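A quick write-up on the structure given underneath.
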Amino acid sequence: MASRFALAFPLGVTIGKWTRVFAERQPGVELVVRPSADPLAVLAAGEADMVFARDATADDDRHLIPLYTEDVVVVMHHEHLLTLEEKLFLADLDGETLLSDEPSEALLRSVASGDGIALLPASVAKALRRKDVTAMRLEDGPTSDVGLSWPRDGQHPLVDEFIGIVRGRTAHSSRNPEVAATEAANGKRSAPAKKTAAKKAPQKTPQKKQGKRPRPKR
């Protein structure tokens, strides 16, 4: 079994609940976790065995399984006129200066300074939140998809284990290869014993039903 497993993830994606379980189940494996602005580039460079990616697709080089979808929100200065709206639609953004820089604290500082507004996945906006910046959901806006990706060639032997953890598979699930093998072996060993026990079991003799006694004549 490999002694090292490397993961990369983008801003806003929280993976601690899964890496903790992995570390508990694989105590002999060094788990390397790193944040990245471009996890797919890290994967392509061979610097990670598996990555969480945002708005990615499978291709000839990598697998991808979708995990969840989140809303995209508008972030703006907390006193911006758009904050007076009960609901926001894309049409409401016409005429606004849209900042398209990479999500970062610098981008939020520009928003807070009134340089413009920005569209961000909800979890990214939450990770970068500031008191002087407000985030509002777009009713008809786009969404952001988060998925788990790994190479088609040279797949790490622990990829299936990590996928199982993310999907909520328990350590004793029969889909765990080691557990399945143990259960199969135990089943084969117990089958002859059950047959032997069945042969040795005493056969019950059916009891005859007793009829009702006739009442004595008076």
Side-chain angles (χ1 to χ4, degrees), residues 7-21 33-45 48 50-152 162-169:
L7 294 167
F9 65 97
L11 181 66
V13 177
T14 305
I15 66 173
K17 61 182 178 181
W18 298 313
T19 56
R20 283 193 295 271
V21 174
V33 181
R34 58 178 286 190
S36 173
D38 191 351
L40 292 179
V42 175
L43 186 70
M50 203 171 202
V51 300
F52 290 83
R54 192 181 293 280
D55 301 323
T57 56
D59 59 23
D60 293 338
D61 298 321
R62 63 177 182 257
H63 296 281
L64 184 132
I65 54 174
L67 297 180
Y68 59 88
T69 299
E70 61 179 319
D71 292 329
V72 168
V73 298
V74 184
V75 291
M76 67 199 90
H77 188 273
H78 69 113
E79 292 182 348
H80 196 289
L81 287 176
L82 289 176
T83 60
L84 300 178
E85 302 288 341
E86 290 186 5
K87 294 183 178 181
L88 276 184
F89 297 87
L90 286 171
D92 296 323
L93 308 184
D94 290 345
E96 297 290 338
T97 300
L98 187 62
L99 305 177
S100 56
D101 298 341
E102 287 294 322
S104 64
E105 293 181 359
L107 173 63
L108 267 288
R109 283 198 297 271
S110 294
V111 171
S113 299
D115 296 337
I117 63 175
L119 299 182
L120 297 174
S123 62
V124 174
K126 184 178 180 180
L128 297 173
R129 63 183 178 272
R130 293 170 54 111
K131 291 182 178 180
D132 49 3
V133 170
T134 294
M136 291 184 66
R137 177 178 177 271
L138 275 172
E139 298 296 321
D140 58 347
T143 57
S144 180
D145 300 319
V146 175
L148 194 55
S149 184
W150 67 99
R152 291 187 182 274
F162 193 77
I163 291 174
I165 291 171
V166 172
R167 286 179 167 173
R169 198 179 304 156

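Every value quoted in this text rests on a predicted model; they were computed, and no experiment measured them.
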- prompt: Within the distance-only criterion (no hydrogens, no angle test), does the side chain of Ser36 pair as donor or acceptor with the backbone N or O of Pro10 below 3.5 angstrom?
  reply: no
Audit row: Thr57, Leu64, side-chain contact (heavy atoms from CB on, under 4.5 Å) steps and yes/no: CA-CA 6 Å; Thr57 56; Leu64 184 132; over 6 Å; no
message: Do the side chains of Glu139 and Arg137 get close enough for a salt bridge, i.e. N-O under 4.0 angstrom?
response: yes
- line: Heavy atoms of Pro103 and Val124 approach each other most closely as CB-CG1, 3.6 Å
message: Whether the side chain of Arg54 engages the backbone of Leu11 through a donor-acceptor N/O pair (distance < 3.5 Å, no angle test) should be reported.
response: yes
- request: Test Asp92 against every option in Val74, Leu81, Leu82 by the side-chain contact (heavy atoms from CB on, under 4.5 Å) rule and name the one that passes.
  value: Leu82
- prompt: If you take all heavy atoms of Leu88 and Met76, which pair is closest and at what distance?
  reply: CD1-CE, 3.8 Å
- line: In this structure, CG of Leu120 is separated from CD of Glu102 (nearest 0.5 Å) by 10.5 Å
Between CD on residue Glu79 and OG1 on residue Thr134, distance to nearest 0.5 Å: 9.0 Å
statement: Between Ala118 and Val111, the two heavy atoms sitting closest are CB-CG2, 4.2 Å
- line: Scanning both residues in full, the closest heavy-atom pair of Ala48 with Leu43 reads O-CD1, 3.5 Å
statement: The reported gap from CD1 in Ile163 to CD1 in Ile65 (rounded to nearest 0.5 angstrom) is 4.5 Å
- request: Mark yes when over 12 heavy atoms from residues, nucleotides or ligands other than Asp94 sit less than 6.0 Å from its CG; otherwise mark no.
  value: yes
message: Check whether Glu70 reaches the backbone of Ser123 with its side chain - one donor and one acceptor, N or O, closer than 3.5 Å.
response: yes
task: Mark yes or no for whether Ser113, through its side chain, and Arg109, through its backbone, hold a donor-acceptor pair below 3.5 Å.
output: yes
- request: Rounded to the nearest 0.5 Å, what's the gap from CG on Asp140 to CG on Leu90? Could you check?
  value: 4.0 Å
task: Please answer whether the main-chain N or O of Asp55 pairs with a side-chain N or O of Asp145 as donor and acceptor at a distance below 3.5 Å.
output: no
- request: Using a 4.5 Å cut-off on heavy atoms from C-beta on, say whether the side chain of Leu138 contacts that of Leu93.
  value: yes
field: Distance, nearest 0.5 Å, that separates CE of Met50 from CZ of Arg62
entry: 13.5 Å
Shortest non-hydrogen separation from Leu99 to Asp115 and the atoms involved: CD2-O, 4.0 Å
query: Between Trp18 and Phe9, is the gap from one ring center to the other below 6.0 Å?
result: no
task: Please answer whether the main-chain N or O of Asp59 pairs with a side-chain N or O of Arg152 as donor and acceptor at a distance below 3.5 Å.
output: yes
message: In the structure I gave you, are the side-chain heavy atoms of Val75 and Leu128 within less than 4.5 Å of one another anywhere?
response: no
task: Would you give the length of the straight line joining atom OG1 of Thr97 to atom CD1 of Ile117, rounded to the nearest 0.5 angstrom?
output: 8.0 Å
Closest contact, heavy atoms only, Ser144 versus Val72: N-CG2, 4.2 Å
